[in-house]
Each structure stands twice: as C-alpha cells, then as structure tokens.
Amino acid sequence: MRVSQFFISTLKESPADAEVISHQLMLRAGMIRRLAAGLYTWMPIGLRTLRKVENIIREEMNRSGAIEVLMPSVQPSELWQESERWDQYGPELLRMHDRHDREYCYGPTHEEVITDFVRKEVRSYKQLPVNFYQIQTKFRDEIRPRFGVMRAREFSMKDAYSFHTSKECLEQTYKIMFETYHKIFNRMGLEFRAVEADTGSIGGNASHEFHVLADSGEDAIAFSNASDYAANVELAPTFKTNEPSNDGQIELTKIATPNQHSIEEVCKFLKVGPEQIVKTLIVKGTDGTLVALALRGDHELNTIKAQKLEGVAEPLEFANEQEIQNKLTCKPGSIGPLDLDIPVIIDHAAATISNFVCGANEDGFHYLGADWKRDCKKFEISSSADIRKIVEGDTSPDGKGTVSIKRGIEVGHIFQLGEKYSRALKANVLNADGKDQTVTMGCYGIGVTRVVAAAIEQNFDDHGIIWPESIAPFQLSLIPINLKKSASVQTTCERLYTELCNLGIEALYDDRDLRAGLMFADHELMGIPHRIVVGDRGLKEGQLEYKGRANPDSQQIPIDNLHEFLKDIINI
RNA sequence: CGGGGCAUAGCGCAGUCUGGUAGCGCACCUGCUUUGGGAGCAGGGGGUCCGAGGUUCGAAUCCUCGUGUCCCGACCA
C-alpha cells in the first residue's frame, strides 16, 4: 500500500480522556476515533488489524469443525420473554420499538436467537453435535464505558454455540474449544492464561476465562508457579492450614485504644503486625439479622465467597453504623469476635492464630493476647470457613507450588451452558429411541475488538505499538529518504515495492516525501514490525537499512540479498 | 445510582476569580529555505466559547435549569 493512496492520521498528543495505554496509542496511531460514549469508528489502519484478528479466529474455528453463520443484531423481544431474560437483563439491554410499536433489543449476546434457529432446523440426534459461530457486532449499554474499545458499548465478538444430546459429547466439544482458544491466542503471539471461572447458578465446574496478562487488566488472576492452575482471585479457594496453637501463655488483657479504629491505627498504637489482629466485619444476614465475619487483619474479605454462606444475605451488604449501634454494644472500630451476641463466621486463616488482638466490643477498647479456644465461647475449629481473598504466597489450591497474582484482561470465555436455554425455548431433537430430548448447549466467546486493545497493552514502548507479526496492520515499512530529490532512491523504492508486493509481503510504502524523522515516528507509532530504509547514502554502497520494531539496532543489508534476508525474518 | 471535575478551533490548553475586540502550541493551507529521528521564517484559513433562559448598555466570563463527558465510590471495625 502506498501511503499517498491510503489514509493514515496520527496524533502527537493523546486526547486528555484516554487513560490506558492501548486507548492512547489507538487514538494516536489513527486506529480508532470516538463517535460517542462507547462507540468507535475503526479507521483503515485499525481495521486491518481487526480483520487479521478475525481471520485467525475464523481459520481456527473452521479448523475445529465449527460452522460460521451470521445472525441479526436486532432481536425480537418475544425470544427474550421466552428465556425470561427480557425482565432479568436490566438496563444493559438496549431496547427499542419499530413503527408498529413492536419491541426489540440490540443483541448483547445470541443464545436466544441461535437456540431458536436450532429448534427450528435441527430435528434429529443424527445432526448433532453441531457448533455454530459468528463474528458479529454486539451492544451492551454499560453504565460506564471506558478504556476505548477495551470496554466499549458497541463491540465485535466471536460467539459460538454448540448443541449435543449428552453431557459427554458437550465435554468433548468443550475440550476442543479449550484447545482451539489456545491455538488462537498463541497465533496472535499473546501471553495468556486459561483461568477457572465462576459457573454462577448453572453449576458444574466447566467454565474458563482466557486472560491476556497485562498490568492494566481489570481482573486479578491467581496462578501457581508450579502447575497450570489459574483462577480468578474472586474464586480461588483457600484452605485450613494448621490447628490453632493453644499455648494460652499470654493473658487476655483489655487495653484502652482511644480513637484507634482502623487496622493500621491499631497496629501502630499497639505495635503489632496486621497478621496478629483479628478484624470483625458486620454484614447483613437473612431476615434482618446481622452476622459477624472474622478475618486476619492483613486479609481481605472475598464478598463472593461470603455471600454464599448460609445465613448471609445475598448480595452481600455491610451493616451501616446505625444498624451496628442498635444491635451491638459499641461502634464500628471496636468490635471483636469474643462474646459477640450474633453469629460469628471465622476465616480459616484467622482461626489458626492465637495471642491475637481484637476489638473488645466496648468503644475505645481492644483485647491483647486473645485465644480462640480459651476466650471465644462460640469457637469451634471445625466451623471455620473460606471467606478471604487468596494472596500472593498462599499454597496453590491444587496443592502444587505457591500462588502468584497478576492482572489480566478477559478476552475469551468458554462455558458449558447445559439446558438453560434449550429447556426454556424447548429446543428438542428426536433421539435414537424416537423420543423428544432437550439438547445440551455450550457457548464460547471471544471479544474480538478487545483482543486488539489487549494486544497493545502487552506490546508497546515509548515510541508506540509493537505489533505481534500475525496481527500487524502491515508487515513492513518501506521508507525512502529524499524521495523527490533522488532519482535512484525513487527508482529503487518503486522496484522494491513491486517486488515486495509480488512476494506477498504487505508493505506500507511511505511515498509522502516527508522528513525522515516524521516517517520513522509515524511507522513506529503504528507498530509495523519491519522497516526498510532506502537512502542515497546506503545506495552508493549497494546497501539498504533494516530495523525490526522490537529491536533497537538497525543493520545494513546488501540490496541483492533482500529477498533471502526477508525470507528468514518474515513468513512468506 | 451517589459524589466530584470538566465543556473555548481537528488535538492539547490559556482566558472565567475582577463582564468591555476570542487567544497560544500542535495540526491544516501558501511561499521560500531546509532535508537520516516529530525543521525554520513569512503569510493565511478555521469558533454555535455545550444548550436554553436570566441579570446587564454589554456575557466565554455572573445567576438558573438542562445536556454531554471524564474520574472516584461498600475492606470499615
């Protein structure tokens, strides 16, 4: 492509509201422009990368045996009424009316439509299993769209839905998708992890999220340094480690701690570490009761785990100061698990410490030297629970190695759905016995536009984007120095450009006749992996200059060796 | 949803407090010089100062009501 016949539009400064690096660089490199909140135009350079991502996904999906379809983005409300999601989905679902006042929504996902399609088209178990997919625009009316295309309202997604007559068959396809996703993200050159995910109310243990690892990720991932284990921090379980030591050597003492409320303040005041403190959080229980949750001072409550406990309200809600004062003998800041008049749930880790500090249930007082067995009447070691977030250095939940925590960007999610939609929409087939049978479903998504942003979050430097080869908008930049002044530069570039095209290399030939620095800056910002510079200086010696985007050093290449040289570094 | 900030040229911003000719840098156009890492000089184009009311001789500036946009927000015992 000649730049003069293309459209590139780079910015020196990034717009003030772009806070993450991928958003800034996508704007500066001229990949996207914002139209309105969460709505973006893909410009030519950006679209080339988006198409490459799509094509990798499409090729691998096809190879896995999935079959491409394309469903409407606008969907009738009736289907959503049938699945009961019309009422459940809430304001994230963009709803609209047509001229006859019929209700529609702009599809945030396509389970209803595909299930409707299958119930109409698939009659027999002999047609199963089948896995349909599409690459299509979705709309989710996010409360707070941000980070550019990372969390936009309109976005492109690859969604696949598989149909089966048995759980075993579903598991088989699930496994194939699991492997296919590995192939897809590996081909894109991304560092990622398959992460065990929440299966919600549907049950089963079969759901994985695929996360690209990047510091700006919104999710924290806990993974083992010794195995493939990886899970969202929200879900990674923690276990009872050892029995509480019951030395009881230190006497229980009540000590005045005036105006010391937070863990930090109490630590400083009493000169103890936060791991020697038991903090007590008061949350709402069922039927308007209160429940106390006891944790080590340096641990954080995991709300998802806590709200699943019996007697705790779901969703989890903290008691406010008024409610605490009505039921307890003190204000927040001095609450402790000993002698509390409400149910106390103790975290595994908190239950194994002794001689700890905790609130004395009297304003401005804490206990020193507390011991569970001796001082807490309600304490039973067997009753401790898993209510904290896993932390770096914990034993891996699979027992192998210890836990590290990194941030990740969720780019894919695979899920064994079961019969949730097929039952609601009555998607049945005749089985071998000639009887109606509800089909079992799996679904598999990849956020196509988000992948582009995630790839940038993982691959950039001070000069701009550094695209992995397979998703770069162009493979190679051809940069002339003094194009219009030097006849030999011009004829050489024209010849090289033709040759590169004939070799099937996607070259971006910068024939704008700009200053060298401008062109270098533009092409580096756009992240093009390879660069050939043609100037009089080198041509006199029969040399071209080559530089790889990720490599700081350039090298001279004899012009006659260019083909051989490129064959080694680019997959032609 | 609650709280806060912002809204002036395509982008980044000043001007608003204290009302009186709408500015700067980048980008864009013209000319000359320059030409291996975001050039220099000269000239030029481009504005619904978010919108609607109000106060005033006069409003980007003050007041009221909207709209848009961005950020923050339950770990506190």
Side-chain angles (χ1 to χ4, degrees), chain A residues 9-20 23-24 27-28 30 33-39 90-91 143-148 257 259-267 274 277-284 290 292-303 306-307 315-321 323-325 328-337 340 347 357-366 387-389 462-464 479-486 489 512-525 531 533-539 544-545 547 552 554:
Chain A
S9 181
T10 55
L11 302 174
K12 209 181 269 187
E13 292 172 290
S14 57
D17 53 9
E19 20 159 18
V20 295
H23 190 194
Q24 293 170 4
L27 290 168
R28 288 189 51 208
R33 288 291 181 261
R34 196 186 76 105
L35 174 67
L39 302 177
I143 307 173
R144 223 181 119 192
R146 53 179 160 169
F147 307 147
T257 49
N259 299 318
Q260 310 297 313
H261 301 300
S262 71
I263 291 288
E264 209 178 302
E265 288 164 354
V266 173
C267 280
I277 296 188
V278 168
K279 63 180 175 184
T280 309
L281 315 181
I282 307 298
V283 300
K284 292 188 181 172
L290 295 181
L293 305 175
L295 291 152
R296 238 168 65 180
D298 57 333
H299 285 154
E300 282 186 20
L301 178 67
N302 182 320
T303 53
Q307 70 192 10
L316 191 86
E317 206 181 330
F318 285 91
N320 63 35
E321 197 166 329
E323 290 163 321
I324 289 173
Q325 289 201 58
L328 304 179
T329 55
C330 67
K331 291 180 189 164
S334 303
I335 303 173
L340 257 191
D347 181 66
V357 172
C358 64
N361 295 322
E362 183 178 336
D363 286 337
F365 287 91
H366 279 75
I387 56 174
R388 72 177 169 99
K389 279 189 189 162
D462 291 345
H463 300 283
I479 311 252
I481 308 292
N482 279 330
L483 182 66
K484 295 282 157 64
K485 286 263 173 73
S486 164
V489 167
R512 291 178 294 179
D513 194 33
L514 298 175
R515 305 171 69 83
L518 276 169
M519 292 189 281
F520 293 157
D522 270 353
H523 289 247
E524 280 165 2
L525 180 57
R531 182 177 85 188
V533 179
V534 180
D536 273 326
R537 214 160 70 185
L539 284 182
L544 302 170
E545 181 194 286
K547 183 179 174 300
S554 59

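Convention: sequence-line order gives letters A, B, ...; per-chain numbering from 1.
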> Which whole-number value in Å describes the distance from Leu518(A) CG to G37(B) P?
Replying inline: 11 Å

> Between A77(B), C70(B), G36(B), which nucleotide gets closest to the side-chain atoms of Lys279(A)?
Replying inline: A77(B)

>> Using atom P in both nucleotides, what's the gap between G5(B) and A9(B) to the nearest angstrom?
In response: 22 Å

>> Using whole Å, what does the distance between atom P of nucleotide C71(B) and atom CZ of Arg146(A) come to?
In response: 6 Å

>> What's the gap between G2(B) and A14(B) when it is taken at their C1' atoms, as a whole Å value?
In response: 33 Å

>> Can you build the contact string for nucleotides 6-13 of chain B? Use B for base contact, S for sugar-phosphate-only contact, and - for no protein heavy atom under 4.0 Å.
In response: -----SSS

>> From CZ of Arg537(A) over to P of U35(B), roughly how many Å is that when rounded to an integer?
In response: 13 Å

> Do Asn482(A) and Val489(A) come within less than 4.5 Å of each other through their side chains, counting heavy atoms only?
Replying inline: no

> Could one point to a donor on the side chain of Arg531(A) or the base of G36(B) with an acceptor on the other under 3.5 Å away?
Replying inline: no

> Rounding to a whole Å, what distance do you find between Met519(A):CE and G38(B):P?
Replying inline: 12 Å

> How about Leu328(A) and Asn361(A): do any of their side-chain heavy atoms sit closer than 4.5 Å?
Replying inline: no

> Starting at the 5' end of RNA chain B and moving along, which residue's nearest nucleotide shows up first, Ala36(A) or Lys12(A)?
Replying inline: Lys12(A)

>> Regarding G68(B), can its base be found pairing with the side chain of Arg34(A) as donor and acceptor, where the two atoms are less than 3.5 Å apart?
In response: no

> In the structure shown, which nucleotide is the Watson-Crick or G-U wobble counterpart of G66(B), with both distances under 3.5 Å?
Replying inline: C50(B)

>> Output the rounded distance in Å from CD1 (Ile282(A)) to P (A74(B)).
In response: 19 Å

> Given side chains that start at C-beta, do those of Leu27(A) and Ser14(A) come closer than 4.5 Å, heavy atoms only?
Replying inline: no

>> Please give me the minimum heavy-atom distance between Ala294(A) and Pro337(A), naming the atom from each residue.
In response: CB-CB, 4.4 Å

> Using the C1' atom in both, what is the distance from G25(B) to U61(B), to the nearest Å?
Replying inline: 23 Å

> Are Glu545(A) and Arg537(A) close enough, and set up right, to give a salt bridge (Lys or Arg N to Asp or Glu O under 4.0 Å), and what steps lead you there?
Replying inline: CA-CA 10 Å; Glu545(A) 181 194 286; Arg537(A) 214 160 70 185; 5.6 Å; no

> What interatomic distance, in whole Å, is found between C1' of G58(B) and the corresponding atom of C13(B)?
Replying inline: 27 Å

> Under 4.0 Å between a side-chain N/O of Arg515(A) and OP1 or OP2 of U33(B), yes or no?
Replying inline: no

> Counting only Watson-Crick or G-U wobble pairs whose two distances fall under 3.5 Å, which nucleotide matches G43(B)?
Replying inline: C29(B)

> Which comes earlier along RNA chain B counting from the 5' end, the contact point of Val266(A) or that of Lys485(A), where each point is its nearest nucleotide?
Replying inline: Lys485(A)

>> Is there a side-chain contact between Val534(A) and Leu539(A) in this structure, where contact means two heavy atoms from C-beta onward sitting under 4.5 Å apart?
In response: yes

>> Can you confirm whether Val278(A) sits close enough to Val357(A) that some side-chain heavy atom of one is under 4.5 Å from a side-chain heavy atom of the other?
In response: no

> Quantified in whole Å, what is the C1' atom distance between nucleotide G12(B) and nucleotide C6(B)?
Replying inline: 14 Å

> Any N or O donor-acceptor pair linking the side chain of Asp522(A) to the base of G38(B) at under 3.5 Å?
Replying inline: yes

> Using purine N1 to pyrimidine N3 plus N6-O4 or O6-N4 for Watson-Crick, or N1-O2 and O6-N3 for G-U wobble, each under 3.5 Å, what pairs with U61(B)?
Replying inline: none

> If we take the C1' atom in both C49(B) and C62(B), what is their distance in whole Å?
Replying inline: 16 Å

> Within a strict 4.5 Å, meaning less than it, do heavy atoms of the Ile479(A) and Lys547(A) side chains meet?
Replying inline: no

> How far, in whole Å, is A42(B) from G37(B) if one measures between their C1' atoms?
Replying inline: 26 Å

> Considering every strand shown, what is the Watson-Crick or G-U wobble mate of C24(B) when both distances are under 3.5 Å?
Replying inline: G12(B)

> Arg531(A) versus Phe520(A): any side-chain heavy-atom pair under 4.5 Å?
Replying inline: yes

>> Strictly by Watson-Crick or wobble contacts shorter than 3.5 Å, is anything paired with U55(B), and which nucleotide is it?
In response: none

>> Expressed as a whole number of angstroms, how long is the span from Phe147(A):CZ to C72(B):C1'?
In response: 12 Å

> Base, sugar-phosphate, or nothing: which does Ile479(A) touch, judged by heavy atoms less than 4.0 Å apart?
Replying inline: nothing

> In the structure shown, which nucleotide is the Watson-Crick or G-U wobble counterpart of C1(B), with both distances under 3.5 Å?
Replying inline: G73(B)

> Nearest of G38(B), C70(B), C75(B) to any side-chain atom of Leu525(A)?
Replying inline: G38(B)

